There are 2 protein chains.
Amino acid sequence: MPKKARKRAKATEVGVRDRLLNAADRLFYQEGVRAVGIDRVLSEADAAKASLYQHFGSKDQLVASYLERRTKNARANIEAYLAGTPPSLRALKFFDWVVAWAESKDFRGCPLQHTVSELTDAAHPARTIAHDQRAWFAERLREWTTAAGVKDSEATARALMVLFDGAVAGSEVDGPQRASDARWMARKLLAG
Amino acid sequence: MPKKARKRAKATEVGVRDRLLNAADRLFYQEGVRAVGIDRVLSEADAAKASLYQHFGSKDQLVASYLERRTKNARANIEAYLAGTPPSLRALKFFDWVVAWAESKDFRGCPLQHTVSELTDAAHPARTIAHDQRAWFAERLREWTTAAGVKDSEATARALMVLFDGAVAGSEVDGPQRASDARWMARKLLAG
DNA sequence: TGACAAATAGACCGATCTGTCTGTATTGAC
DNA sequence: GTCAATACAGACAGATCGGTCTATTTGTCA
């Protein structure tokens with residue numbers, strides 16, 4: 001039974017829950033949460049349907065968990081990326097991170113934007129995750145612009161949020177050039 | 001048969017094709033192209049299924065036609081809005097239009113962004129429409145920044161594109177404040 | 001070894017999806 | 001009045017959706 005053996009090996013290495021999240025992450029991000037059915041997730045994760053509903057209860061919750069892990073990882077990722085940069089330069093350095101993201105092979109825009117636009121139900125659990133992440137991000141931007149010592153740090157932070165959204169949305173449609181354009185603009189803004 | 005009479009009256013006023021497009025426009029934009037089935041469109045349009053397939057051939061083509069009309073209207077809308085403004089001020093004035101759009105009751109982000117992110121198939125007919133509209137828009141921005149006489153008009157035009165994308169995407173998630181932030185930034189950029 | 005928890009496989013349900021087809025009613029041109 | 005074009009109503013097909021359920025297999029621990 002080599003097939004089973006492979007599965008079992010995977011199972012002990014990773015565990016069903018994580019396999020499901022990994023598959024959900026890849027598929028939901030790459031193709032959208034409405035375009036991907038749970039059967040696709042199950043087959044990609046080599047998992048049984050009962051396991052999905054045991055661990056997550058519903059597809060909506062799986063979507064929320066996917067987004068939660070995504071945003072959590074993104075935060076850690078960004079903070080690690082900026083750790084070696086002096087606080088006063090972090091706002092600008094952040095846009096290097098954005099450019100690198102937009103240029104990465106699997107980039108396909110912002111998962112938060114996608115999910116919010118696909119799930120119009122205001123009560124969807126994934127929306128809470130999205131809202132929290134936006135609040136965290138806005139707070140970081142204020143922190144960085146304050147540390148940068150620019151004149152109007154509040155307005156500058158809000159402008160950088162616009163630049164970030166534009167970089168990510170634009171890069172999805174037109175390619176990573178948009179992210180570089182955003183960085184160019186951020187540099188200009190933070191210099192003045 | 002008052003029911004039929006009502007339908008007939010509507011039919012002679014508007015015509016099935018336009019009724020279908022009107023319904024598709026409202027539903028697709030408001031809830032997303034994957035979330036809305038053709039039955040919803042048919043019922044909203046008071047039309048028969050055969051009419052939809054007679055005029056459009058498939059749902060994908062209906063989506064493409066919806067986007068085409070949307071973008072065509074948007075172009076006319078923007079050009080009319082800017083007609084009375086001197087060319088040198090149009091780049092900035094355009095962001096007044098964006099703010100007004102973001103503040104409008106039914107605003108729900110950019111239909112192009114939504115469609116591109118929902119329909120990941122690169123060969124989907126709607127993608128051609130989206131690409132054309134982006135090209136038109138980029139061209140207008142270059143035109144306006146050139147007329148504005150800024151130093152680096154090419155780079156400025158690209159930066160304004162980022163600001164536009166950020167204004168629209170951000171406003172969808174956080175409200176129209178983002179559009180105002182983008183305008184603030186555009187003014188700053190065009191002044192320097 | 002035997003009990004137990006966790007995972008698997010997959011049948012099944014009702015709903016919904018796009019798309020096809022049949023048949024009928026309405027309309028305008030001649 | 002007849003005919004062709006157009007639109008309507010809706011049954012139907014085949015696939016897929018999210019979700020429930022039963023039955024079996026596996027790994028762990030006493």
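Convention: sequence-line order gives letters A, B, ...; per-chain numbering from 1. In this text, all values refer to a predicted model and were calculated from it rather than measured experimentally.
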Going through the distances and angles, do B/Asp174 and A/Arg134 end up as a salt bridge (Lys or Arg N to Asp or Glu O under 4.0 Å)? CA-CA 8 Å; B/Asp174 304 324; A/Arg134 297 287 288 181; 2.5 Å; yes
Report all interatomic pairs (protein N or O, nucleotide N or O of nucleotides 12-14 of chain C) with separations under 3.5 Å.
none

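- Rounded to whole Å, the distance from NE2 on B/His124 to P on C/dT18 is 12 Å.
- Comparing C/dC21, D/dT20, D/dA7 by their closest approach to the side chain of A/Tyr53 singles out D/dT20.
- Distance CD (A/Gln54) to P (D/dC21): 13 Å, rounded to an integer number of Å.
- Using a distance-only test at 3.5 Å, with no hydrogens or angles considered, no donor-acceptor pair links the side chain of B/Ser153 to the main chain of B/Thr146.
- The CG atom of A/Leu42 sits 12 Å away from the P atom of D/dG19 (whole-angstrom rounding).
- Within 6.0 Å of the CD atom in A/Glu139, the count of heavy atoms belonging to other residues, nucleotides or ligands exceeds 12.
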side-chain contact (heavy atoms from CB on, under 4.5 Å) for B/Phe95 and B/Val99? Distances and angles first, verdict last. CA-CA 6 Å; B/Phe95 280 86; B/Val99 169; 5.5 Å; no
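- Atom CD of B/Gln54 is surrounded by 12 or fewer heavy atoms from other residues, nucleotides or ligands within 6.0 Å.
- At a threshold of 4.0 angstrom between heavy atoms, the contacts of A/Ala47 are confined to the sugar-phosphate backbone, with no base atom among them.
- In this structure, the CZ atom of A/Phe56 is 11 Å from the P atom of C/dA7, given to the nearest Å.
- Ring-plane geometry between A/Trp101 and A/Phe164 is classed as parallel, the angle between the planes falling under 30 degrees on a 0 to 90 degree scale with a further cut at 60.
- When the side-chain nitrogen and oxygen atoms of B/Ser51 are compared with OP1 and OP2 of D/dT6, none of them lie within a distance under 4.0 Å.
- Between the CZ atom in B/Phe28 and the CZ atom in B/Arg40 there is a gap of 10.0 Å [rounded to 0.5 Å].
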Contacts under 3.5 Å, N or O only, protein and nucleotides 14-17 of chain D:
none

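- Atom CG in A/Leu21 sits 6.5 Å away from atom CG in A/Leu62 (nearest 0.5 Å).
- If you measure from atom CG of B/Leu52 to atom C1' of C/dC17, you get 14 Å, rounded to the nearest angstrom.
- In this model, the phosphate group of C/dA6 is not approached by any side-chain N or O of A/His55 to a distance below 4.0 Å at OP1 or OP2.
- Side chains of A/Gln133 and A/Leu67 form no contact here, defined as non-hydrogen atoms less than 4.5 Å apart.
- One interatomic measurement links the two molecules: CG of A/Leu20 to P of D/dG19, which rounds to 14 Å at whole-angstrom precision.
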